Chemist: 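Attaching a single structure in structure tokens format; questions to follow.
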Amino acid sequence: MSDYDFEAIETRWQKRWHDEGTFEVREDASRPKFYCLEMLPYPSGDIHVGHVRNYCITDVVSRVKRMQGFNVLHPIGWDALGLPAENAAIKRGTHPETWTRSNIASMKQQLQRMGFSYPWSREIATCDADYYHWNQWTFLRMLERGIAYRQKAPVNWCPSCQTVLANEQAEGGICWRCKSAIQEREMDQWFLRITNYQDELLDDMNGLTEWPERVLVQQKNWIGRSPGAHVDFAVAGEKEPIRVFTTRVDTICGATFLLLAPEHPRVEALMASVAGDEARAAVARLHRQDRRARLAGQVEKEGVFTGRHAVNPFNGERIPIWVGNFVLMGYGTGAIMSVPAHDQRDFEFARKYDLNVRVVIQPDGPALSGDTLTECYSGPGKLVNSGEWNGLDWEAAKDKMAAHAEAKGFGKATVTYRLKDWLISRQRYWGTPIPVVYCDKCGVKGVPDSELPIKLPPDAPFTGEGGNPLEKVESFVKAKCPSCGGPARRETDTMDTFVDSSWYFYRYCSPKYAGGPFDPKAVAHWFPIDLYVGGIEHAILHLIYSRFWTKVLRDLGLVKDAEPVTRLFPQGMVHWKGEVMSKSKGNTIAPDDVNARYGADTLRLYVLFAAPPEMSLEWSEEGIEGPHRFLLRLVRLVGRHADVLRPLAGQPMPAELSAAARDLRRRTHQAIAKISEDVSERLQLNTAVAALMKLSNEIHAAEPALQDDPAGRFALREAVVTLVQLLNPFAPHVTEELWEKLQPAGTGPLVDTRWPVADAAVAREETVELAVQVNGKVRARISVAAGTAEEAIRAAALAEPKVVEQIAGKEIVKVVVVPGRLVSVVVK
RNA sequence: GCCGGAGUGGCGGAAUGGCAGACGCGGGGGCCUUAAAAGCCCCGGGGUCGCAAGGCCCGUGUGGGUUCGAGUCCCACCUCCGGCACCA
């Protein structure tokens, strides 16, 4: 402890960085730029080890890039609007803003205690009116272009959060935040037309070559592009046909019934004249079935015959119309043609209700029969039982039959998507007010830009009862119509907080800019984001919304890139006691506690060292001792030699060095090469830390031989100084302290030095040890000078006594020499 | 079911097709100490032979294959983790 007073050291350097604005940054066109970003945290109250892990990765990369001469932007801010603040306000009788600001203050302190290299003057909080002003401004641009629109639609209502949610936030019928079961409600809501960009969102993924496959796959699944066709089936006795969507028009002659979703708008009218009360009651029951279970496919397939029939336009066949509980109104047209022979769901339904099964796709091999099938056949084949289409290959038939339908006017090739427009209305206070008013005469009107920002009124009542607090603030609700000047009612819905995080990374480029969401010149300098590190849980939420938002900004002419992020790196979760560490699980470790015992430098090293950054990390109290001991050893090493090594600064390396000194120099330069590559190419920070520890071990091993050798001391100094420098991005405080001891007075701080470059000539091995294998087994080792010719290596290997013994009396079939690696002798 | 990713010492984890287990934790032994802690040094996959030095055999989930050589590449399978899943 007396050797290494980490608390004093860390406090001292943090203060200095703060006072001197060390990490403040401005655009500098003379240097290559590097935008290194982490996902901004929600100010829940405390930083936990998961955050620390995320930010340590970006901090090391930022610091290394900075030392390598890059103009680095590595900012931080707060995703500060959202429900927890409002819930806390209701529970404790405070204001959401009070709660949020105090959380930000304490989390900021915790981040500063970690020594992260943020330019704090660029800090943003999305609850600042200066920030959400630009949510409103961009919304108005979207409104002008029809990207933002208001519509009555069945929406996801979370009864516990008392608000609606977007589809992405209600996956599987469960609220993403509180896990409550979602209810369906018919409501007038604001949407953003993300579906305008669905193809572009999909196609541009081809350019995202530095995004992990699994994120792209998730986004692809979510967008769910599905090429197929619409076909209209005439209904006997009705004018209006029923439109179905299918991906398998080729099987249409095998359609033996139609199925409608229980919510389908035609169901009631179709059944009115023919069906009995019993059938109507059955449909009502299907309708009422638990929506979540139905969505998740956990309900047995059930159906009701409507009593009506439709006509297949391809073969004129009259087929029954049923209602089926597994047909979803939210996808396609809410009506399907059932082809039980070639679709497993239809097959199960047909068998249950004893409906006709007709094979229309016949693969090579014995003829299939609808009567004997035990499951559907969904593979390739040729068309049968399909009249004029018989004999066509199924793939070709899809195109031809869709074209036929279009020519005859009863259908069309079409593409259906799973992606729905982004519902951004929230019936809560602590979000961005949607900048529109309702006028009895003029209708829905966007407020003029000059009235922005529409600020949240500070005096709203947080009772937890009776809906959105904004509705109760008369001064807020009462507005003037921008068109006619008459009285109007202000919108009280606020925006989804994912709006805030969809573009915050642009704001960092010019956080105080008042002329727009950001200064286009600053964005042009910094964008695209070179490295974005965060949790994988945002794969289809934040990461798809922000891609969308960027494309809108591009269409507004504000940015030039269609994609914001070049390299996406989802870091692994932190686990503790077998569970993901998270505030909701209540199993978090507070970094401050660890800092108090070991210091921030140790904690930083530990989270980086314990696992590769993309893998999950199991927190362990024992493992942290290793990095701590490593730092202690280094502090003592420098303490022993600083006075002797300091005067050597600036003097040239002696030409004549002992073998031990050359060896240490070699290892030093190998470490430079290894660590540089691990950090900037592979992001393998765990092996970079291992290499730092290894160099430290090597220095300690060489110490006795070199400390009393006047020339050797130069190699020792080079190794120690280099280790301190290479370690700086990982353990920035203690290394500054050691740097000060090692350098003459007046030398600037370590953080401003240039990252070392490995000298390949010094790093090269003088002699190499090669393994000699005989028939694949290592039987001997030989030591040869580096660069020895293959022929000489071969001779040396074959002369080795152990090898001679192994190959005695056998024929040498082959000798493979891999320079620098091994010799492989094959005998028989 | 479909799509990803992963299976390596007691543990976390290393290894451009080339000496498996870097680095660290825990463990064992020794030095230092009156003693302990800390620190320092050494050992450390399993089996087997040997007093020892050392030798031999087996070993990266399982079974095959390619190769002079496979943790790494190919095929089949098992297990675990993540994502999607009645999307027509």
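For clarity, every value in this text was computed on a predicted model and none was experimentally measured. Protein chains get the first letters and strands the later ones, always in sequence-line order, with residue 1 at the start of each.
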Chemist: Determine the interatomic distance between P on A38(B) and the same-named atom on A20(B); round to the nearest Å.
Modeler: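 These two P atoms come out 36 Å apart once rounded.
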Chemist: Which listed nucleotide (C25(B), C68(B), A88(B)) is nearest to the side chain of Arg629(A)?
Modeler: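 For the Arg629(A) side chain, the nearest candidate turns out to be C25(B).
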Chemist: Taking atom P of G13(B) as reference, at what distance in whole Å does atom CG of Asp678(A) sit?
Modeler: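 Computing the Asp678(A):CG to G13(B):P distance gives 17 Å.
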Chemist: In whole Å, I'd like the distance from the OH atom of Tyr417(A) to the P atom of A88(B).
Modeler: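 Distance, rounded to whole Å: 13 Å.
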Chemist: How many whole angstroms separate atom CG of Leu617(A) from atom C1' of C25(B)?
Modeler: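 Spelled out: CG on Leu617(A) to C1' on C25(B) is 13 Å.
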Chemist: Counting the atoms with a prime plus P, OP1 and OP2 as sugar-phosphate, which does Gln218(A) contact under 4.0 Å by heavy atoms, base, sugar-phosphate, or nothing?
Modeler: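 The answer is sugar-phosphate, as Gln218(A) gets under 4.0 Å only of primed atoms, P, OP1 or OP2.
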Chemist: Indicate, with a heavy-atom threshold strictly under 4.0 Å, whether Ser824(A) touches base, sugar-phosphate, or nothing.
Modeler: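 The answer is base, as Ser824(A) lies within the cut-off (heavy atoms under 4.0 Å) of a base atom.
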Chemist: Taking the P atom of each, how far is C81(B) from C74(B), in whole Å?
Modeler: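 25 Å, rounded to whole Å.
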Chemist: Look at Arg214(A) and A6(B) and indicate whether a side-chain polar atom (N or O) is within less than 4.0 Å of OP1 or OP2.
Modeler: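 Answer is no, no contact under 4.0 Å.
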Chemist: Check whether any side-chain N or O of Asn697(A) sits under 4.0 Å from OP1 or OP2 of G24(B), and answer yes or no.
Modeler: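 Yes.
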Chemist: Using a heavy-atom cut-off of under 4.0 Å over every strand shown, decide if Val217(A) touches base, sugar-phosphate, or nothing.
Modeler: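 The residue Val217(A) makes sugar-phosphate contact but no base contact.
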Chemist: Using a strict 4.0 Å threshold on nitrogen-to-oxygen distance, state whether Lys352(A) and Glu300(A) make a salt bridge.
Modeler: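 A salt bridge links Lys352(A) with Glu300(A).
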Chemist: Using a cut-off of 4.0 Å on non-hydrogen atoms, how would the nucleic acid contact of Arg418(A) be classed: base, sugar-phosphate, or nothing?
Modeler: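 Base, at least one base heavy atom under 4.0 Å.
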Chemist: Does Arg633(A) put a side-chain nitrogen or oxygen below 4.0 Å from OP1 or OP2 of C40(B)?
Modeler: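 Yes, because at least one side-chain N or O of Arg633(A) sits under 4.0 Å from OP1 or OP2 of C40(B).
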Chemist: Tell me whether the guanidinium CZ or amine NZ of Lys301(A) lies under 6.0 angstrom from the six-membered ring centre of Phe326(A) and within 45° of its axis.
Modeler: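 Here Lys301(A) passes the 6.0 Å and 45° test against Phe326(A).
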Chemist: Determine which nucleotide pairs with C2(B), using a 3.5 Å limit on both distances of a Watson-Crick or G-U wobble pair.
Modeler: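 For C2(B), the partner nucleotide comes out as G83(B), under the 3.5 Å rule.
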Chemist: Within this structure, what is the CD-to-P distance between Glu677(A) and U16(B), rounded to whole angstrom?
Modeler: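 Spelled out: CD on Glu677(A) to P on U16(B) is 10 Å.
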Chemist: What nucleic acid atoms does Lys674(A) come within less than 4.0 Å of, heavy atoms only: base, sugar-phosphate, or nothing?
Modeler: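 No contact.
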Chemist: RNA chain B: Gly776(A) or Lys301(A), which has the more 5' nearest nucleotide?
Modeler: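 Here Gly776(A) is the residue nearer the 5' end.
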Chemist: For Ile336(A) and A88(B), give me the distance from atom CD1 to atom P, rounded to whole Å.
Modeler: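 After rounding, the gap between these two atoms is 10 Å.
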Chemist: Who does C51(B) pair with, Watson-Crick or G-U, both distances under 3.5 Å?
Modeler: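 The answer is none; no pair meets the criterion.
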Chemist: Which nucleotide sits closest to the side chain of Ala610(A): C56(B), G12(B), G18(B)?
Modeler: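 Shortest atom-to-atom distance from the side chain points to G12(B).
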Chemist: Please say whether the positively charged group of Lys220(A), taken as NZ for Lys or CZ for Arg, lies over the ring of Trp222(A), i.e. under 6.0 angstrom from the six-membered ring centre and within 45 degrees of the axis.
Modeler: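 Negative - Lys220(A) is either too far from the ring of Trp222(A) or too far off its axis.
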Chemist: Look at all strands and tell whether Pro212(A) reaches a base, only sugar-phosphate, or nothing, counting heavy atoms closer than 4.0 Å.
Modeler: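 No contact at all - Pro212(A) keeps every heavy atom at 4.0 Å or more from the nucleic acid.
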Chemist: Can you check the Trp222(A) CH2 to A85(B) C1' distance for me, whole Å?
Modeler: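 So the two atoms are 12 Å apart, to the nearest Å.
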Chemist: Looking at Phe410(A) versus Phe233(A), is the centre-to-centre ring distance below 6.0 Å?
Modeler: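 Not close enough - the centres of the two rings lie 6.0 Å or further apart.
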Chemist: Is the glycosidic angle of G83(B) within 90° of 0, making it syn, or outside that range, making it anti?
Modeler: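 Chi for G83(B) falls in the anti range.
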Chemist: Picking from G18(B), C23(B), A88(B), which would you name as closest to the side chain of Ala690(A)?
Modeler: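 Of G18(B), C23(B), A88(B), C23(B) is nearest to the side chain of Ala690(A).
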Chemist: Which part of the nucleic acid, if any, lies within contact of Glu348(A), taking any heavy atom under 4.0 Å across all strands shown: a base, the sugar-phosphate backbone alone, or nothing?
Modeler: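 Result for Glu348(A) = nothing.
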Chemist: Below 4.0 angstrom from OP1 or OP2 of C81(B), is there any side-chain N or O of Ser616(A)?
Modeler: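 No, outside the criterion.
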Chemist: Please walk me through it: do Tyr606(A) and Trp619(A) pass ring pair (Phe, Tyr, Trp, His ring centres under 6.0 Å)?
Modeler: CA-CA 10 Å; Tyr606(A) 174 61; Trp619(A) 180 261; 5.3 Å; yes
Chemist: Salt bridge or not for Arg285(A) and Glu302(A), using N-O below 4.0 Å?
Modeler: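 Between Glu302(A) and Arg285(A) there is a salt bridge, with a charged N closer than 4.0 Å to a carboxylate O.
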Chemist: For Thr416(A) and for Glu622(A), find the nucleotide of RNA chain B with the closest heavy atom, then tell me which residue's nucleotide is more 5'.
Modeler: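 That would be Glu622(A).
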Chemist: Using the C1' atom as the point on both nucleotides, what is the distance between G45(B) and C78(B), in whole Å?
Modeler: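 Each nucleotide's C1' atom is 24 Å from the other's.
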Chemist: Measuring from the side chain of Phe609(A) (C-beta onward, heavy atoms only), which nucleotide among G55(B), C23(B), A88(B) has the closest atom?
Modeler: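 Of the candidates, C23(B) comes closest.
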Chemist: Taking only the P atom of each, what is the distance from C41(B) to C32(B) in whole angstrom?
Modeler: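 Between the two P atoms, the distance is 15 Å.
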Chemist: Would you check if there is a donor-acceptor pair between the side chains of Asn356(A) and Thr256(A) at a distance under 3.5 Å?
Modeler: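 Asn356(A) and Thr256(A) do not have a side-chain donor-acceptor pair below 3.5 Å.
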Chemist: Could you let me know what C40(B) is paired to, Watson-Crick or G-U wobble, both distances under 3.5 Å, or none if it's on its own?
Modeler: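 When the pairing criteria are applied, G30(B) turns out to be the nucleotide that pairs with C40(B).
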Chemist: In whole Å, what separates the P atom of A85(B) from that of C75(B)?
Modeler: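 Nearest-Å result for A85(B) against C75(B) at atom P: 29 Å.
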Chemist: Crowded around Lys420(A) NZ? As in, over 12 foreign heavy atoms under 6.0 Å?
Modeler: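 More than 12 within 6.0 Å, yes.
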Chemist: In whole angstroms, how far is the C1' atom of G69(B) from the CZ atom of Arg821(A)?
Modeler: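 It is 13 Å, rounded to the nearest whole Å.
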Chemist: What is the nucleic acid contact for Arg225(A), judged by heavy atoms within less than 4.0 Å: base, sugar-phosphate only, or nothing?
Modeler: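 Nothing, no heavy atom under 4.0 Å.
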Chemist: What's the verdict on ring pair (Phe, Tyr, Trp, His ring centres under 6.0 Å) for Phe257(A) and Tyr353(A), showing C-alpha distance, side-chain angles and the deciding distance?
Modeler: CA-CA 11 Å; Phe257(A) 50 100; Tyr353(A) 292 104; 9.0 Å; no
Chemist: Taking only the side-chain heavy atoms of Thr247(A) (C-beta and beyond), determine which of C68(B), A14(B), A88(B) contains the nearest atom.
Modeler: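 Closest nucleotide to the Thr247(A) side chain: A88(B).
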Chemist: Does the side chain of Lys777(A) get closer than 4.0 angstrom to OP1 or OP2 of C58(B) through an N or O atom?
Modeler: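 Yes, such a contact exists.
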Chemist: Would you classify Asn686(A) as touching base, sugar-phosphate or nothing, given that sugar-phosphate means primed atoms plus P, OP1 and OP2, and contacts are heavy atoms under 4.0 Å?
Modeler: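 Sugar-phosphate only.
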Chemist: Now, which nucleotide makes the Watson-Crick or G-U wobble pair with A76(B), with each of the two distances under 3.5 Å?
Modeler: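 Answer to the pairing question: U62(B), which forms a Watson-Crick or G-U pair with A76(B).
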Chemist: Considering Watson-Crick and G-U wobble pairs with both distances under 3.5 Å, what does C68(B) pair with?
Modeler: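 Looking at the geometry, C68(B) pairs with G18(B).
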Chemist: Between C56(B), G12(B), A88(B), spot the one nearest the side chain of Arg779(A), thanks.
Modeler: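 Closest nucleotide among those given: C56(B).
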Chemist: Taking atom P of C81(B) as reference, at what distance in whole Å does atom CD of Glu537(A) sit?
Modeler: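 It works out to 19 Å between those atoms.
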